[in-house]
Amino acid sequence: MTIKPLIILPDPLLRQVSQPIERVDADIRKLAEDMLETMYEAPGIGLAAIQVGVARRMLVIDISKEGDEREPLVFINPEIVRSSDEYSVYEEGCLSIPDYYAEVERPASITVKSLDREGREHLTEADGLLATCLQHEIDHLNGVLFIDHISRLKREMVIKKFTKASKSKL
Ligand code: GNR
Ligand code: NI
């Protein structure tokens with residue numbers, strides 16, 4: 001198991017569209033393990049492969065409460081096959097945009113089709129935090145960030161701040 005460095009805004013990798021995983025093999029299972037370890041270490045409740053620099057369509061999530069038993073979930077080639085007409089608002093953050101939080105409105109419940117670590121197909125019915133987190137992670141697979149769902153003024157302020165910070169660290 002390996003903790004991998006996180007890709008941070010404004011790294012252009014975060015805008016890349018990730019490619020489908022054709023075969024769930026040992027390399028993919030190793031990547032899933034590394035992503036889970038990286039997510040737990042951060043700590044975060046979700047992580048997309050592109051956040052560790054790998055442009056493949058895989059994400060991991062664990063929304064269990066701290067102190068409770070871990071519930072690691074792995075979604076490979078996830079597709080949203082149903083979205084509710086009802087929306088809900090959550091305060092979101094992103095490990096690739098550290099220490100910035102904003103409210104985002106998304107469908108309150110969704111159904112996701114995906115493969116697990118054994119390559120078996122699953123349908124997942126999600127609502128609440130799991131629905132929000134899945135949509136946040138699936139956005140990453142498409143090069144979309146949660147700041148794309150807030151006002152342009154706020155988004156441009158965040159990007160400017162992180163661009164400056166990245167230049168001062170050169
Ligand atoms: O750790 C995370 N918390 C979070 C909170 C509200 C909505 C989405 C998230 S995902 C985030 C980890 C992350 O950046 N995943 O891409
Ligand atoms: Ni994120």
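Just so we're clear, the structure is a prediction, and the values are computed from it rather than from any experiment. Each ligand, and each atom within it, is numbered from 1 in the order the structure gives.
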Subject >> Steps toward side chain to side chain donor-acceptor pair (under 3.5 Å) verdict (Glu105, His149) >> reply: CA-CA 8 Å; Glu105 191 175 42; His149 299 288; over 6 Å; no
Subject >> Nearest neighbour in protein (non-hydrogen) for atom 12 (C) of ligand 1 >> reply: Gly46 O, 3.2 Å
Original post:
Can you find an N/O atom of Thr132 closer than 3.5 Å to an N/O atom of ligand 1?
Top reply: no
Original post:
Considering only protein heavy atoms, which is closest to atom 14 (O) of ligand 1, and at what distance to one decimal place?
Top reply: Leu95 N, 2.8 Å
Original post:
Side chains of Ile138 and Asn142: does their closest heavy-atom pair fall under 4.5 Å?
Top reply: yes
Original post:
Can you list the atoms of ligand 1 that are under 4.0 Å from a heavy atom of Ile45?
Top reply: 1 (O), 2 (C), 3 (N), 4 (C), 5 (C)
**OP:** Among all protein heavy atoms, pick out the one at the shortest distance from atom 8 (C) of ligand 1; state its residue, atom name and that distance to 0.1 Å.
**Re:** His136 ND1, 3.6 Å
**OP:** List every atom of ligand 1 that sits less than 4.0 Å from any heavy atom of Cys94, numbering the atoms from 1 in the order shown and giving each element.
**Re:** 14 (O)
Subject >> Proximal atoms of ligand 1 relative to Gln51 (non-hydrogen, under 4.0 Å) >> reply: 13 (C), 14 (O), 15 (N), 16 (O)
Subject >> Charged N-O contact under 4.0 Å between Lys30 and Asp34 >> reply: yes
**OP:** Run the numbers for me: atoms of ligand 1, each under 4.0 Å from some heavy atom of Gly44, listed by number.
**Re:** 1 (O)
**OP:** Pick one of side chain, backbone, both or neither for how Glu92 approaches ligand 1, counting any non-hydrogen atom pair under 4.0 Å.
**Re:** both
Original post:
With distance as the sole criterion, is a donor-acceptor pair present between the side chains of Asn77 and Arg56 under 3.5 Å?
Top reply: no
**OP:** Decide, yes or no, whether a salt bridge links Lys160 with Glu156 under the criterion of side-chain N to carboxylate O below 4.0 Å.
**Re:** no
Original post:
Does NZ or CZ of Arg70 fall inside the cone over Tyr40's six-membered ring, less than 6.0 Å from its centre and within 45° of the axis?
Top reply: yes
**OP:** Decide whether an N or O pair under 3.5 Å exists between Ser96 and ligand 1.
**Re:** no
**OP:** Return the name of the atom in His136, of element N, O or S, nearest to the Ni ion (ligand 2).
**Re:** NE2
**OP:** Could you tell me whether the side chain of Arg57 and the main chain of Ile21 form a donor-acceptor pair under 3.5 Å?
**Re:** no
Subject >> Gly93: numbered ligand 1 atoms lying under 4.0 Å from its heavy atoms >> reply: 4 (C), 5 (C), 6 (C), 8 (C), 9 (C), 10 (S), 11 (C)
Original post:
Given the rule that I, L, V, M, F, W and Y join up when any side-chain heavy atoms are under 4.5 Å apart, are Val60 and Leu129 in one cluster?
Top reply: no
Subject >> Proximity winner for atom 16 (O) of ligand 1, if only heavy atoms of Arg106, Glu91, Glu137 are counted >> reply: Glu137
Original post:
Closest approach of Ala108 and Ala131, non-hydrogen atoms and distance?
Top reply: O-CB, 3.5 Å
Subject >> Close-contact set for ligand 1 against His140 heavy atoms, below 4.0 Å >> reply: 16 (O)
**OP:** State, yes or no, whether a side-chain contact exists between Val104 and Val89 at a heavy-atom distance under 4.5 Å.
**Re:** no
Subject >> ligand 1 contact on Met39 by region, counting heavy-atom pairs under 4.0 Å >> reply: neither
